[in-house]
Amino acid sequence: MPFGKNPKIKILKQTKPGMCGGTDATLDTGAPRTVNSREIVFFEASSMAPLPPDNIRKSRDVLHGFYAFAYPSGLGVFTLLELKAQRFQDNPRVCEFALLEDDFLPELAELIMRHKVAENNGFHSRTHGLPENFGGSVTVRYKSGELISISDNQTPILTYSACADFAALFKKALSGSKAACPSPDNISLIKYREERGEDDFRRAALTILADGSGVIKKESRFSGPDIYESEKPVSPETVSAILRNIADTGLLLWNALPESSYPGGSAEKELAFVLRDGSELVIPGDRDPPEPIRQGFFNVELELNVKN
C-alpha cells in the first residue's frame, strides 16, 4: 500500500500501532481518472462479483468472481482466466491459460474505458484479519507509461457487469489461435541450476526412463573446495507428478512471461527441459507468473533439489 511522504498520497484510514484488525486506506490524488492510451503492456485483475441483477440471480451460470492476466511478449500474448461460478460446485475454480497468437488487448483497452475502471484509480484499502480477499485488485500498465492501480480486499472493486464482460472477453480470446507448446510427455531430461557465486552452486538432473521412473543426479558446492554428489532413483508416481505440475502451471510457456520486479535473493536459477528430439528449452527463475500458476517453478525445484 502506497504509504509514504508523497504529498499526493492522501491517508483515508490508518490503523494505530499494535492495533489488531482495522483498515488502512489511501488515495493517490495524482493518479489519472482517465487513460488516453489504448496499448496495454500488462494487465492483471481480480474481483469478487457483486450481487448480480435480478434477471440472472437464480441462474446456475451466475459469476462469483474472476482472475484475469494478460501479457504481450514477442512470443504471443500470455493469457490466463480463472473463474469461480456457482455451477462448478465440485471444482469451484476453473482455470485456463494459453499463449495466444492473436492480440485481443485493444478490445480489452476499450472494455476498460467502457466500464470506467480508471475512475477509482489510486485507491488502495486493506482490512486486516479477513480470511480471504472479498474484494479485488486491478493493475494495468500502458506503453505510454500510464498506470491504473486499485485494490480493496473487503469490497468488490468492479460492477457485476464489468466482471461478466471481462470474463467473457478472456473466454473468447482463449478460444482463439494458440501458439504451439511442447507436451511435458516429450521431456526426457530436466535440469535445475542454482548459482550463488563461482564456488557456491546446486545442480540437479532428472533423467526420465522408458518405464516412467527416473534417476536424479545432484552435485553441490557450498563456498568451499568440496563438491558433493549423489544419485537417487525416483518412482514413476514422482515423475508423473512433476510432469503434471509442468502441464498444470504452463511452465514450458514461462519464457513469454515478464521478469519479476522483485528478484528472489542473490541466487541465479534456471530450469532446462530436454525434449526427446534433442531440443532444449530453458526457463529462467526470474519470471513473474500470474497467481494461479505461481508455484510451477518452485514445485519442480523442490522435487529435484530438496525432496529427492
Side-chain angles (χ1 to χ4, degrees), residues 71-80 96-102 174 176-221 227-260 263-264 267-290 293-308:
Y71 177 75
S73 72
L75 302 173
V77 182
F78 192 101
T79 305
L80 180 145
E96 182 180 359
F97 58 82
L99 185 60
L100 302 181
E101 295 180 338
D102 299 327
L174 285 164
S177 300
K178 300 175 177 64
C181 177
S183 169
D185 293 334
N186 290 327
I187 296 173
S188 61
L189 176 66
I190 303 173
K191 296 182 289 185
Y192 169 78
R193 181 180 67 86
E194 176 183 336
E195 306 281 351
R196 295 181 180 273
E198 184 176 351
D199 297 324
D200 190 341
F201 62 80
R202 327 280 184 271
R203 296 167 189 159
L206 166 62
T207 300
I208 300 175
L209 305 178
D211 64 356
S213 65
V215 176
I216 294 180
K217 295 182 179 181
K218 296 196 286 189
E219 61 177 12
S220 57
R221 174 184 279 174
I227 295 178
Y228 302 92
E229 298 180 334
S230 66
E231 181 174 327
K232 178 183 177 181
V234 292
S235 68
E237 291 76 16
T238 297
V239 173
S240 178
I242 292 172
L243 296 180
R244 187 166 58 251
N245 167 76
I246 293 169
D248 290 346
T249 62
L251 195 50
L252 299 181
L253 296 173
W254 279 30
N255 277 329
L257 290 171
E259 294 183 16
S260 174
E268 177 186 329
K269 300 180 181 182
E270 71 175 25
L271 284 169
F273 301 93
V274 180
L275 305 180
R276 300 194 186 280
D277 63 5
S279 60
E280 182 172 299
L281 180 62
V282 177
I283 306 296
D286 63 353
R287 302 297 95 171
D288 190 13
I293 61 172
R294 184 168 296 278
Q295 292 296 102
F297 188 105
F298 174 77
N299 289 341
V300 178
E301 174 187 352
L302 187 65
E303 291 288 348
L304 269 63
N305 192 44
V306 179
K307 294 176 66 174
N308 296 289

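Judged by distance alone, the side chain of Asp286 and the main-chain N or O of Ser260 form no donor-acceptor pair under 3.5 Å. Without hydrogens or angle criteria, Thr79 side chain to Val77 main chain gives a donor-acceptor distance under 3.5 Å. Using a distance-only test at 3.5 Å, with no hydrogens or angles considered, no donor-acceptor pair links the side chain of Asn305 to the main chain of Ala204.
One finds the CD1 atom of Ile242 at 12.0 Å from the CD atom of Glu237 (value rounded to the nearest 0.5 Å). Atom CG of residue Leu206 and atom OG of residue Ser188 lie 10.0 Å apart, to the nearest 0.5 angstrom. In this structure, Leu281 CG and Ile190 CD1 are separated by 11.5 Å, a value rounded to the nearest 0.5 Å. Here Glu231 contributes atom CD and Thr207 contributes atom OG1; the two are 8.5 Å apart, rounded to the nearest 0.5 Å. To the nearest 0.5 Å, atom CG of residue Leu253 and atom CD1 of residue Ile283 are 8.0 Å apart. In this structure, the separation between CG on Leu75 and SG on Cys181 is 11.5 Å, given to the nearest 0.5 Å.
Looking at heavy atoms from C-beta onward, Ile187 lies in side-chain contact with Leu275 at the 4.5 angstrom threshold. Residues Arg202 and Arg196 have side chains in contact (heavy-atom distance under 4.5 Å, counting atoms from C-beta outward). Contact of the Phe273 side chain with the Leu251 side chain is registered, since non-hydrogen atoms from C-beta on lie closer than 4.5 Å.
Under the rule for a side-chain hydrogen bond (donor to acceptor under 3.5 Å, both in side chains), the partners of Tyr192 that lie at least two apart in sequence or sit in another chain are Glu194, Glu301. Checked against side-chain contact (heavy atoms from CB on, under 4.5 Å), Ile293 has the following partners two or more places apart in sequence or in another chain: Phe78, Leu80, Phe97, Thr249, Trp254, Pro289, Pro290.
Considering all non-hydrogen atoms of both residues, Arg276 and Ile208 come closest at NH2-CG2, 4.2 Å. Of all heavy-atom pairs spanning Leu99 and Ala256, the tightest one is CD1-CB, 3.5 Å. Minimum interatomic distance between Glu280 and Val274 (heavy atoms only, all atoms of both residues): OE1-CG2, 3.5 Å. Of all the heavy atoms in Pro182 and Leu252, the pair that sits closest is O-CD1, 3.3 Å. Between Leu243 and Pro184, the shortest heavy-atom contact is CD2-O, 3.6 Å.
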Next item on the list: Quick one: do Glu101 and Lys178 satisfy salt bridge (charged side-chain N to carboxylate O under 4.0 Å, His left out)? Show the steps, please.
Entry: CA-CA 5 Å; Glu101 295 180 338; Lys178 300 175 177 64; over 6 Å; no
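With salt bridges taken as basic N to acidic carboxylate O contacts below 4.0 Å, one links Arg193 and Glu268.
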List, one per line, each side-chain donor-acceptor pair under 3.5 Å for residues 212-219, sequence neighbours excluded.
residue: Ser213; atom: OG; partner: Asp211; partner atom: OD1; Å: 2.6
residue: Ser213; atom: OG; partner: Asp211; partner atom: OD2; Å: 3.4
residue: Lys218; atom: NZ; partner: Asn308; partner atom: O; Å: 2.5
residue: Glu219; atom: OE2; partner: Arg203; partner atom: NH1; Å: 3.2

